[in-house]
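Everything on this sheet refers to the single structure shown next.
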Amino acid sequence: MVEAEKRTATAQFTKIDKDTQALPISSEDWEQRARAILPDGPFDYICGGSGAEETLAANRTAFQRWAIVPRMLRDVSDRTLSITLFGQQLDTPILLAPIGMQGIAHPEGELATARAAAAYNVPFIASTVSTYSLEQIAETMGDAPRWFQLYWSNDREVSASMVRRAEAAGYGAIVLTVDTIMLGWKRRDFRNGYSPLKEGKGLANYINDPVFCSRLPVVNEEAAVQEILRNIYHPALSWEDIGFLRQQTRLPILFKGILHPEDAKLAVEHGVDGLIVSNHGGRQLDGAISSLDALPSVAEAVGGRIPLLLDSGIRTGADIIKALALGANAVLIGRPFLYGLAVAGEKGVARVIDTLISELDVSLALSGSKSVSDLNRGILTRL
Ligand SMILES: Cc1cc2nc3c(=O)[nH]c(=O)nc-3n(C[C@H](O)[C@H](O)[C@H](O)COP(=O)(O)O)c2cc1C
Ligand SMILES: O=C(O)C(=O)c1ccccc1
């Protein structure tokens with residue numbers, strides 16, 4: 001009996017070989033394993049939130065306040081997880097969130113993550129502050145889908161240069177993160193005296209940028225770190241900067257970090273192509289609304305005019321069902337894949353993606369739906 005159950009469960013992991021079966025299966029287990037491997041500095045940096053970590057906690061409790069009320073007897077034998085975003089078909093409504101400095105989790109950093117994402121045709125979103133350059137990441141991915149996340153630089157010619165490089169390297173969209181005009185207040189990092197940026201883990205896109213380097217008196221790591229710290233936070237960012245970004249590229253532009261419905265409307269009016277409803281995984285404004293709680297009014301404000309994505313707190317297949325039912329077209333996962341990377345490199349990330357896809361498929365069937373794009377409020381109740 002136990003053997004038979006095992007076979008049925010494992011049959012769902014399509015790309016996982018024998019060694020990988022020993023790896024964790026829940027995001028809680030991944031987190032525990034990562035905690036055992038990583039020093040306190042990097043671990044706290046990854047898992048932590050800002051301030052009193054109330055928004056970090058709210059990102060989870062928000063999901064628990066919605067329950068799925070499943071439908072039965074609806075012949076769900078033929079199902080699809082596939083969606084279309086900006087004219088591209090994706091196999092699943094899952095993307096990997098932009099996470100900077102992945103070299104703090106594993107020496108292969110973004111290269112390992114990007115390869116795992118490519119194997120599942122899950123878009124990888126490369127961060128401005130990645131440990132490997134956007135060109136190196138692109139090279140390891142072949143034709144697999146990838147987007148580039150931009151931190152708006154104080155020097156807008158540096159931003160323009162990075163956007164041009166991303167376009168040349170086959171990135172399919174630009175994600176402008178709008179919630180990090182300064183860094184959130186992270187008590188854990190102060191206690192640990194830890195800053196991965198100062199340790200030089202997020203330099204690659206800068207030291208490979210001709211415009212950025214032309215601004216340095218000497219091109220070395222120390223000078224680059226000092227210049228990045230002067231460059232990366234841009235509290236003056238305003239709607240007026242958007243026209244400049246638009247002129248730099250024909251790629252779709254998404255804003256990441258929108259929570260207020262009025263900002264969502266303004267974004268549509270300014271020609272933004274998509275939004276990521278996000279509070280940065282509870283790492284920026286503590287006390288901010290959870291992403292899931294912000295979603296329904298943002299969805300109403302946007303009224304289907306542009307795609308809506310959501311991140312912050314997605315941990316299970318059921319979480320994805322809830323986000324899609326409340327108006328998201330797709331979701332981004334953050335910390336769970338980074339824990340997979342820390343514990344088992346590329347295989348760890350693959351396993352995290354694989355289990356999430358399998359959970360989503362089972363949850364979709366058991367909810368009584370055939371397609372992720374059919375999900376709506378009708379299958380949820382607020383507790
Ligand atoms: C260690 C770490 C680094 C991050 N770096 C970036 C980044 O460089 N750019 C960005 O837009 N978001 C960054 N984020 C935020 C993620 O893109 C995402 O919004 C968040 O992790 C989602 O929440 P989750 O971790 O609860 O899934 C980072 C998050 C973490 C945990
Ligand atoms: O740690 C983060 O969440 C993040 O997005 C960030 C922002 C600026 C520099 C480095 C990381």
Side-chain angles (χ1 to χ4, degrees), residues 27 30-31 34 38 41-50 53 55-63 94-106 109-110 113 123-131 134 147-153 162 174-186 188-189 194-206 225 228-234 254-259 276-285 288 290-292 309-316 319-320 323 331-342 352 356:
S27 63
W30 279 113
E31 184 176 331
L38 293 172
F43 179 77
D44 278 345
Y45 180 75
I46 295 167
C47 84
S50 52
E53 301 190 335
T55 296
L56 177 69
N59 282 339
R60 287 303 305 145
T61 48
F63 282 94
I94 299 170
L95 298 90
L96 297 192
I99 289 202
M101 302 163 296
Q102 294 185 26
I104 68 173
H106 190 277
E110 293 85 8
T113 307
F124 176 80
I125 311 180
S127 162
T128 294
V129 286
S130 51
T131 305
L134 65 93
W147 295 357
F148 180 67
Q149 177 265 326
L150 182 67
Y151 274 132
W152 192 262
S153 181
M162 286 195 189
I174 302 295
V175 173
L176 177 68
T177 299
V178 295
D179 62 13
T180 310
I181 53 168
M182 55 179 73
L183 194 60
W185 185 259
K186 311 248 190 72
R188 290 179 194 248
D189 302 340
Y194 185 71
S195 163
L197 207 53
K198 287 190 186 146
E199 285 186 8
K201 298 286 188 190
L203 306 184
N205 282 327
Y206 291 96
V225 170
I228 292 168
L229 290 171
R230 284 201 317 112
N231 226 291
I232 190 167
Y233 306 118
H234 188 53
L254 294 93
F255 279 7
K256 173 172 181 282
I258 295 290
L259 294 167
I276 305 176
V277 178
S278 168
N279 57 33
H280 212 107
R283 301 167 69 82
Q284 284 299 107
L285 175 64
S290 76
S291 298
L292 195 74
L309 287 71
L310 173 135
D311 77 21
S312 302
I314 296 277
R315 298 292 177 267
T316 68
D319 293 342
I320 301 176
V331 299
L332 276 51
I333 53 162
R335 294 179 183 86
F337 84 72
L338 204 62
Y339 295 138
L341 177 68
V352 169
L356 202 56

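Heavy-atom basis, side chains included; hydrogens, waters and symmetry copies ignored. Please read all numbers here as calculations on a predicted model, not as lab measurements. Index from 1, following the sequence. Indexing begins at 1, ligand by ligand and atom by atom, following the structure's order.
- In terms of protein heavy atoms, atom 13 (C) of ligand 1 is closest to P98 O, 3.0 Å.
- Side-chain contact, S130 with N205: a donor N or O sits under 3.5 Å from an acceptor N or O.
- Protein heavy atom at the shortest distance from atom 31 (C) of ligand 1 is R283 NH1, 3.3 Å.
- For atom 3 (O) of ligand 2, the closest heavy atom belonging to the protein is R283 NE, 2.7 Å.
- Closest to atom 8 (C) of ligand 2, if we only count protein heavy atoms, is Y233 OH, 3.6 Å.
- In terms of protein heavy-atom proximity, atom 5 (N) of ligand 1 is closest to G100 N, 3.0 Å.
- Summary of contacts: the protein heavy atom closest to atom 1 (O) of ligand 2 is Y45 OH, 2.4 Å.
- Among G202, S312, G334, the residue whose heavy atom lies closest to atom 23 (O) of ligand 1 is S312.
- For atom 15 (C) of ligand 1, the nearest protein heavy atom (residue, atom name, distance) is H280 CD2, 3.4 Å.
- At the top of the distance list for atom 7 (C) of ligand 2, counting protein heavy atoms only, stands Y151 OH, 3.4 Å.
- On a distance-only criterion, H280 and ligand 2 share at least one N/O pair closer than 3.5 Å.
- With R315, Q149, K256 as candidates, the residue nearest to atom 12 (N) of ligand 1 on a non-hydrogen basis is K256.
- For atom 8 (O) of ligand 1, the nearest non-hydrogen atom of the protein is S127 OG, 2.8 Å.
- Of the listed residues (L310, V331, D311, N59), the one carrying the non-hydrogen atom nearest atom 19 (O) of ligand 1 is D311.
- Proximity of V178 to W152: side-chain heavy atoms (C-beta onward) are nowhere separated by under 4.5 Å.
- Heavy-atom separations between M101 and ligand 2 include at least one value shorter than 4.0 Å.
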